[in-house]
Amino acid sequence: MKPDRKEIATSITNDPSAYKLCAVCGAIVDKTVDSCPDCYAYRFDADTEAVTNAALDLAVKPRHAVSHLDMMPDAEN
């Protein structure tokens, strides 16, 4: 089962320094990635306050786009 958006946001806000924002599409990605998995851009904002604010928005705003995670099949238990 895919994690809930609020669970993901909580995980990100607990350690925002482990993430960064794509400067093109605003996706929150692991700080070790070289290009955004959603739009393939390579410019990022690693400011922890910006990451935290984006994660808080993620928790409450409705989905407007399909991400790469939506394309992954659910794991069968």
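- Under the 4.5 Å side-chain criterion, counting only non-hydrogen atoms from C-beta, Leu56 is not in contact with Val60.
- Phe44 places a side-chain heavy atom less than 4.5 Å from the side chain of Cys22.
- Annotation for Val29 and Pro37: closest pair CG1-CD, 3.6 Å, computed over non-hydrogen atoms.
- Listed here is the closest heavy atom pair of Ala27 and Asp38: CB-OD2, 3.5 Å.
- More than 12 heavy atoms of other residues, nucleotides or ligands sit less than 6.0 Å from atom CG of Asp30.
- Nearest heavy atoms, Leu21 versus Gly26: CD2-O, 3.9 Å.
- When all heavy atoms of Asp47 and Asp45 are compared, the closest pair comes out as N-OD1, 3.0 Å.
- Looking at Ser11, its side chain never comes within 3.5 Å of a backbone N or O of Glu7 through a donor-acceptor pair.
- Smallest separation of non-hydrogen atoms from Ala9 and Ala55: CB-O, 3.2 Å.
- With values rounded to the nearest 0.5 angstrom, Ile12 atom CD1 is found 12.0 Å from Ser17 atom OG.
- Between the CD1 atom in Ile8 and the OG1 atom in Thr13 there is a gap of 12.0 Å [rounded to 0.5 Å].
- A donor-acceptor contact shorter than 3.5 Å is absent between the side chain of Lys31 and the backbone of Lys20.
- The distance from atom CG of Asp57 to atom OG1 of Thr52, rounded to the nearest 0.5 Å, is 11.0 Å.
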